[in-house]
Structure formats: structure tokens, C-alpha cells
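In the text below, chain A, chain B and the rest are named by the order of the sequence lines, each starting its count at 1. Source: prediction; values computed, not measured.
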There are 2 protein chains.
Amino acid sequence: MTGYAPAEAARRSGFSLDTLRYYEKIGLLADVGRTAGGQRVFTDDDLSWLVLFRCLRDTGMPIAQMCRYAELAREGEHTVDERRELLKQHAAQVEEQMLLLSRQYEHLREKIRFYERLPGPTPETEQPTATPSGPAVSR
Amino acid sequence: MTGYAPAEAARRSGFSLDTLRYYEKIGLLADVGRTAGGQRVFTDDDLSWLVLFRCLRDTGMPIAQMCRYAELAREGEHTVDERRELLKQHAAQVEEQMLLLSRQYEHLREKIRFYERLPGPTPETEQPTATPSGPAVSR
DNA sequence: CCTTGACCTGGAGCGCACTCCAGGTTGGAG
DNA sequence: CTCCAACCTGGAGTGCGCTCCAGGTCAAGG
């Protein structure tokens, strides 16, 4: 019921005004209300969509796919299966992403440990990944 | 000692040929060897740099920062402190990133659970985030 | 020697997700 | 009623990280 002015919606969603307008322009966020004079009024429903978009965006979903999802949702109840599948597929990709990220994070930590084992600028050779910890070549 | 042809280096590093050339062009990868005729020859050292770049890239470090790191490394041993700090700062950002990612992943899972609780296309209203699970507004 | 596939260069182009701008309108406070 | 900050529109511009291209060169097998 409560309506939010653009600035307030931006503040609450964490998206910029321009991004909100952009999302509407490309049809990601549809049917945003307007005042008589044409200024946008965001509802709680719009806000919860934005929360979802933030979640999907933060997890790396491309905008095109978010559009697809939103479109399906607008099409009605008979698309729930497809929507669920879309989200499940995305979740699987996020899992992969998390795995890769934590693996690479470990490499990074190892490299930092290497730097911490040499207290000050020592003489001698410098290799980038030559933390003596295994074969340098990955895959 | 072993030298790798461009295609082999690409295969081993997982970067495309174009990307390897690009990295050299912008000075990220420096002093790549050449044959008499001008064709690149990658060393194991180059390869280990590429492994590092892959790690940093996969964890979201912008190229400019990788360049900074590489430049420092080329400057010599007196930059180890700065290099360590650079990596530590990045690691901190990666931690944040992982936290955000897993939090948003949880939201995603919750949404999927919501979809799984409704077995087939049910009638009635459809709300995007209206998993009855708390305030919709996240900030 | 000839062929052919891998390689070279400089530079243009691309896809994504915004972000910025000019020039005009709206609407609530005083 | 006046003011001015917040808003509107369409469209151009940006930053990043590649990716592609044309037109030429290299080098190993036959």
C-alpha cells in the first residue's frame, strides 16, 4: 500500500535511480505506478522484486535471464515449473562459482603465507607463484 | 627451460590466445620470449604468472590492480611489503565477496524451497519474494 | 621448394550493465 | 504563488575485458 518515491526506492533497494529507470526501460521491472504528473511510485511489491533482482545479480545472473524470469512470472501460475527450474539451474551455477572462489581464495592465502614467511626484503630470486608447494602449473 | 608455443600456453593457462596477447600488450605479462622469427615462446615462469593471474581474475581483481602487482614484482625485492599488502587487501575483499555470495545463495535456496512447497501450478496470488519468511524489505 | 597451419601486428568492434546528460516538468514547503 | 529540489524523457557515452579482423609472416612436414 505504501508508495515510495524514486529516491526512497533507490535507498531501500540499493540500486541507483538510473538503474531503476534502466530496469524499467528494459522491461525487467514492469508496471511501475505513476502519479498524475508522471512521477514513479514504487510499491512494496516492486521493492520485493528489487530485492530478488539484487539477489540474482549478486549471484551473477545475467540481466537477460532475470528478464526471462520476470516475464515468466508475469505470464501467470502455469510457469511455476519453469521458474523453479530456472532458479535451480542458477543455484547450481552459484555452487560452482562458490567452489571456484574458495579454491582460488586458498591459492591466494597460500601466496600471502609465502610472503609472510619472508619477513623483510630478502636477497635472491623472486618467482611469482614459486611458493615451494607443488607443481606451478595448474590444471 | 621448456618453452611453450602460444597454443600450448593457452591450453595450459586456460586463457585464449587473444587474451595472452592482450595481457602482454597492456604490460601485465612482460618480457615474453620470442623466436628469431618473432613468435612467442612462453616459459614455465610465464605459465606460473598466468596461473596467478587466473587466481586473481577468478577472485575478481581488476586488471589494473594485477598490473600494479606485476609492476611491483618487476621492480624488485624492495616491494615485497607492498605486494603482500596488496594481496591481503584483495583477500579481505574476497572474503566479503564470499560472504555476500553465500548469503544471497541462501536467499535463492529459500526461494526455490518456496517453489517446491507448491507442487503444481496452484491458483491464487503470486508474489515474487512472498516466501512467508519475514520482512520483504532487505535494505 | 612448397604448402599449410600456426602465428604475427595494429586497430576496430563487441557485450554487458549501467551512467550521464540536456532540457524540460512536477509538487511540496514556505 | 513562488521556488527549487526531485523528478521526467530519449539518447549518447563509459569502462571493462576481451574478441575479432585483415593482411601478412613463420616454420615444420612432405
Side-chain angles (χ1 to χ4, degrees), chain A residues 2-43 46-47 49-50 52-71 90 93 97 100 104, chain B residues 3-43 46-47 49-50 52-70 90 93 97 100 104:
Chain A
T2 9
Y4 306 99
E8 180 66 9
R11 205 187 57 72
R12 285 181 184 247
S13 67
F15 291 112
S16 76
L17 275 174
D18 270 317
T19 299
L20 293 182
R21 289 196 269 258
Y22 169 68
Y23 281 178
E24 195 183 342
K25 179 150 56 181
I26 64 175
L28 181 54
L29 198 59
D31 304 318
V32 176
R34 300 295 181 116
T35 65
Q39 317 225 164
R40 286 177 185 79
V41 181
F42 294 86
T43 63
D46 295 327
L47 259 291
W49 271 105
L50 290 173
L52 175 61
F53 294 152
R54 174 145 293 279
C55 168
L56 297 178
R57 195 193 80 162
D58 285 351
T59 52
M61 182 184 282
I63 280 189
Q65 214 167 342
M66 290 200 249
C67 284
R68 173 99 185 106
Y69 179 88
E71 214 176 311
H90 178 60
Q93 282 174 31
Q97 198 188 150
L100 175 63
Q104 296 293 38
Chain B
Y4 306 100
E8 181 65 10
R11 207 188 53 75
R12 285 181 185 249
S13 67
F15 291 113
S16 76
L17 275 173
D18 269 318
T19 300
L20 293 183
R21 288 197 270 257
Y22 169 69
Y23 281 179
E24 195 183 342
K25 181 148 57 181
I26 64 173
L28 182 52
L29 199 58
D31 305 317
V32 176
R34 300 295 181 115
T35 66
Q39 317 226 165
R40 286 176 184 79
V41 180
F42 294 86
T43 64
D46 294 328
L47 259 292
W49 271 106
L50 290 174
L52 176 60
F53 294 152
R54 174 146 292 278
C55 167
L56 296 178
R57 195 194 80 162
D58 284 352
T59 51
M61 182 184 282
I63 281 188
Q65 215 167 340
M66 290 200 249
C67 285
R68 173 99 184 106
Y69 179 89
H90 178 59
Q93 282 174 30
Q97 199 190 149
L100 175 63
Q104 296 291 40

Does a side-chain heavy-atom distance below 4.5 Å link [X] with [Y]?
X: Val41(B); Y: Val32(B); result: no
X: Tyr69(A); Y: Met61(A); result: no
X: Gln39(B); Y: Arg34(B); result: no
X: Pro6(B); Y: Leu20(B); result: no
X: Tyr23(A); Y: Ile63(A); result: yes
X: Phe53(A); Y: Leu29(A); result: yes

Interatomic distance, [X] [atom1] vs [N] [atom2] [rounded to whole Å]:
X: Lys25(A); N: dG11(D); atom1: NZ; atom2: P; value: 9 Å
X: Leu17(A); N: dC7(D); atom1: CG; atom2: C1'; value: 9 Å
X: Gln65(B); N: dC16(D); atom1: CD; atom2: P; value: 12 Å
X: Met66(A); N: dA17(C); atom1: CE; atom2: C1'; value: 9 Å
X: Tyr22(A); N: dG13(D); atom1: OH; atom2: C1'; value: 14 Å
X: Leu56(A); N: dA17(C); atom1: CG; atom2: C1'; value: 15 Å
X: Leu20(B); N: dT19(D); atom1: CG; atom2: P; value: 11 Å
X: Ile26(B); N: dG11(C); atom1: CD1; atom2: P; value: 17 Å

### Query
Do NZ/NE/NH1/NH2 and the carboxylate oxygens of Arg21(B) and Glu24(B) come within less than 4.0 Å?
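Salt bridge flag = no for Glu24(B) with Arg21(B).
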
### Task
May I ask you to verify whether the side chain of Asp18(B) and the base of dC18(D) hold a donor-acceptor pair under 3.5 Å?
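In this structure, the two groups form no donor-acceptor pair.
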
It should be established whether [X] places a side-chain nitrogen or oxygen under 4.0 Å from OP1 or OP2 of nucleotide [N].
X: Arg21(B); N: dC20(D); result: no
X: Arg57(A); N: dA17(C); result: no
X: Arg40(B); N: dT25(D); result: no
X: Ser16(B); N: dT19(D); result: yes
X: Tyr23(B); N: dG17(D); result: no
X: Thr19(A); N: dA17(C); result: no

### Query
Do you know which of His90(B), Gln93(B), Gln97(B) makes side-chain hydrogen bond (donor to acceptor under 3.5 Å, both in side chains) with Thr59(B)?
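Going through His90(B), Gln93(B), Gln97(B) one by one, the side-chain hydrogen bond (donor to acceptor under 3.5 Å, both in side chains) with Thr59(B) is satisfied by His90(B) alone.
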
#### Entry: Most 5' of Met61(A) and Pro6(B) on DNA chain C, judged by nearest nucleotide
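This one resolves to Pro6(B).
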
### Query
In terms of the nearest nucleotide of DNA chain C, which residue is placed more toward the 5' end: Ala64(A) or Glu8(B)?
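That would be Glu8(B).
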
### Task
Report the nucleotide, chosen from dA6(C), dC18(C), dC7(D), that has the shortest atom-to-atom distance to any side-chain atom of Ala7(B).
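Among dA6(C), dC18(C), dC7(D), the one nearest the side chain of Ala7(B) is dA6(C).
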
Taking only N/O atoms, report every protein-nucleotides 26-30 of chain C pair under 3.5 Å with atom names and distance.
residue : atom : partner  : partner atom : Å
dT26(C) : O4'  : Gln39(A) : OE1          : 3.1
dG27(C) : OP1  : Thr35(A) : OG1          : 2.7
dG27(C) : OP1  : Gly37(A) : N            : 3.4

